[in-house]
Amino acid sequence: MPGLHLFLSANDPWNARYHIEEGQVIYKAESTGLARHVTILRAVPRVTGDTDDMRDNFSHLAHIAFQTFCSSRIRYREQELCVNELFKKKGWSFYGRNRIFTGPDGREYVWKMGARVCKVMSIHCHTRIKDFHRRRLGILKKARPASLEIFEEGVHMVDFIVVTFIYMEKVRADRERAADSA
């Protein structure tokens, strides 16, 4: 099964539409206020049974409630997940602590905090599962929209990657903003 390349309609992953190259929107992330609550919707086929007809037909996939003084919560596929239980913090880096989690396939993965983006890798074989490419305006390099590239090794859990990616990028961006204002 080949990988999946999703293009974002905005630079903030928590408030964007995720579409494939042909233009079909697959995911929508909508945030409120200061992005303390994020709702993630996924395109689904219409009741007519035509799997090609997914345009503008969405169902609820997840909701993220960011908390300041207690653990944030992710409601994913009708399951309530406490972020402190979902992710185990490990190691230290200049950009924050990495997060280890068990994927829907029962394998362990790690979100690595980076300066400009987060990346997810398999713990056991150190295989990259996805790359996030930030938007380029085209001043020094060729312009491109922000995009999320999920490699073949992660396609089986793409919904989970998108949801946790939105959470991790929001955490990383908040830390980046806090460091810039200090």
Side-chain angles (χ1 to χ4, degrees), residues 1-66 72-81 83 86 99 101 103-104 109 111 113-114 116-120 128-139 141-177:
M1 178 185 287
L4 178 65
H5 202 152
L6 298 169
F7 298 89
L8 282 68
S9 63
N11 210 33
D12 293 334
W14 52 90
N15 202 21
R17 294 173 186 266
Y18 294 68
H19 61 87
I20 57 176
E21 194 169 359
E22 294 78 16
Q24 169 64 49
V25 175
I26 305 297
Y27 297 97
K28 289 195 299 188
E30 301 168 338
S31 62
T32 59
L34 298 171
R36 302 313 300 164
H37 292 273
V38 178
T39 300
I40 303 160
L41 307 171
R42 185 184 200 293
V44 294
R46 295 193 183 278
V47 182
T48 62
D50 184 1
T51 58
D52 292 334
D53 188 14
M54 294 173 36
R55 195 165 297 279
D56 299 327
N57 192 35
F58 294 88
S59 69
H60 186 271
L61 176 63
H63 180 84
I64 304 171
F66 290 92
S72 297
R73 304 193 73 71
I74 298 174
R75 185 164 186 77
Y76 173 71
R77 292 189 172 162
E78 305 308 318
Q79 183 181 7
E80 191 77 24
L81 305 168
V83 169
L86 175 63
R99 308 297 199 282
F101 67 97
Y109 299 90
W111 277 104
M113 298 290 263
R116 307 270 295 146
V117 294
C118 295
K119 60 183 173 183
V120 67
R128 282 187 332 192
I129 305 300
K130 72 101 193 139
D131 273 345
F132 176 53
H133 308 283
R134 292 175 70 122
R135 177 184 60 166
R136 280 197 220 144
L137 298 175
I139 298 168
K141 294 183 178 180
K142 184 178 176 184
R144 71 168 185 220
S147 67
L148 179 63
E149 185 177 6
I150 300 171
F151 301 118
E152 186 176 341
E153 295 80 5
V155 171
H156 67 283
M157 58 180 190
V158 66
D159 290 347
F160 193 72
I161 289 173
V162 168
V163 171
T164 57
F165 163 72
I166 291 169
Y167 171 79
M168 291 299 296
E169 271 299 307
K170 178 74 169 93
V171 168
R172 189 205 56 75
D174 287 351
R175 287 191 178 173
E176 182 180 357
R177 261 191 293 283

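These figures come from a predicted structure and were not determined experimentally.
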Student: Could you measure the distance from the CZ atom of Arg36 to the OG atom of Ser72? Nearest 0.5 Å is fine.
Tutor: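 The distance works out to 6.5 Å.
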Student: In chain order, what residues pass the side chain to side chain donor-acceptor pair (under 3.5 Å) check against Thr39, with sequence neighbours excluded?
Tutor: His63
Student: What pair of heavy atoms forms the shortest contact from Pro2 to Val155, and how long is it?
Tutor: O-CG2, 3.4 Å
Student: Can you list everything that forms a salt bridge (Lys or Arg N to Asp or Glu O under 4.0 Å) with Lys28? Sequence neighbours excluded, please.
Tutor: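 Partners of Lys28 by the salt bridge (Lys or Arg N to Asp or Glu O under 4.0 Å) criterion come out as none, since no residue qualifies.
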Student: Excluding sequence neighbours, so at least two apart, what forms salt bridge (Lys or Arg N to Asp or Glu O under 4.0 Å) with Arg75?
Tutor: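 Salt bridge (Lys or Arg N to Asp or Glu O under 4.0 Å) check on Arg75 returns Glu78, Glu80.
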Student: Go through the structure and list residues passing side chain to side chain contact (heavy atoms under 4.5 Å, CB included) with Ala173, not counting sequence neighbours.
Tutor: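 For Ala173, the residues satisfying side chain to side chain contact (heavy atoms under 4.5 Å, CB included) (neighbours in sequence not counted) are Trp14, Arg177.
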Student: For His60, enumerate each residue passing the side chain to side chain donor-acceptor pair (under 3.5 Å) test, keeping only those at least two apart in sequence or located in another chain.
Tutor: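 Side chain to side chain donor-acceptor pair (under 3.5 Å) check on His60 returns nothing, list empty.
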Student: Drop me the distance from Ile26's CD1 to Arg17's CZ, to the nearest 0.5 angstrom.
Tutor: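 Going from CD1 on Ile26 over to CZ on Arg17, the span is 12.5 Å.
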Student: Side-chain contact, heavy-atom cut-off 4.5 Å: Phe58 with Tyr27?
Tutor: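 Contact flag for Phe58/Tyr27 side chains = no.
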Student: Roughly how far, to the nearest 0.5 Å, is the CG atom of Leu81 from the CZ atom of Arg73?
Tutor: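 The distance works out to 8.5 Å.
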Student: Just wondering, do Leu4 and Leu148 contact through their side chains at under 4.5 Å, heavy atoms?
Tutor: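 In short, these two side chains do not touch, never coming nearer than 4.5 Å.
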Student: Report yes if the side chains of Tyr167 and Val38 come closer than 4.5 Å at any heavy-atom pair, otherwise no.
Tutor: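 Counting from C-beta outward, Tyr167 and Val38 never come under 4.5 Å.
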Student: Out of curiosity, Ile150 CD1 to Leu6 CG, how far, rounded to the nearest 0.5 Å?
Tutor: 5.5 Å
Student: Describe, in one word, how the ring planes of Tyr18 and Phe165 are oriented to each other, choosing from parallel (under 30°), tilted (30 to 60°) and perpendicular (over 60°).
Tutor: perpendicular
Student: To the nearest 0.5 Å, tell me how far Tyr76 OH sits from Leu86 CG.
Tutor: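 Reported to 0.5 Å precision, the distance equals 10.5 Å.
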Student: Measure the shortest side-chain to side-chain distance between Arg99 and Val83 over non-hydrogen atoms and say whether it is less than 4.5 angstrom.
Tutor: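 Side chain of Arg99 against side chain of Val83, heavy atoms only: no contact under 4.5 Å found.
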Student: Could you give the distance from OG (Ser9) to CG (Asn15), rounded to the nearest 0.5 Å?
Tutor: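 Taking OG in Ser9 and CG in Asn15, the distance rounds to 8.0 Å.
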Student: Tell me which pairs pass salt bridge (Lys or Arg N to Asp or Glu O under 4.0 Å) where either residue lies in residues 157-166, with sequence neighbours left out.
Tutor: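 Residue pairs with at least one partner in residues 157-166: Arg42-Asp159, Arg77-Asp159.
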Student: How close do Pro13 and Leu8 get, counting heavy atoms only, and between which atoms?
Tutor: CA-CD2, 3.8 Å
Student: For Ile161 and Gly154, work out which heavy atoms get closest and say how close.
Tutor: CD1-O, 3.4 Å
Student: Answer whether the closest heavy-atom distance between the side chains of Phe101 and Phe160 falls below 4.5 Å.
Tutor: yes
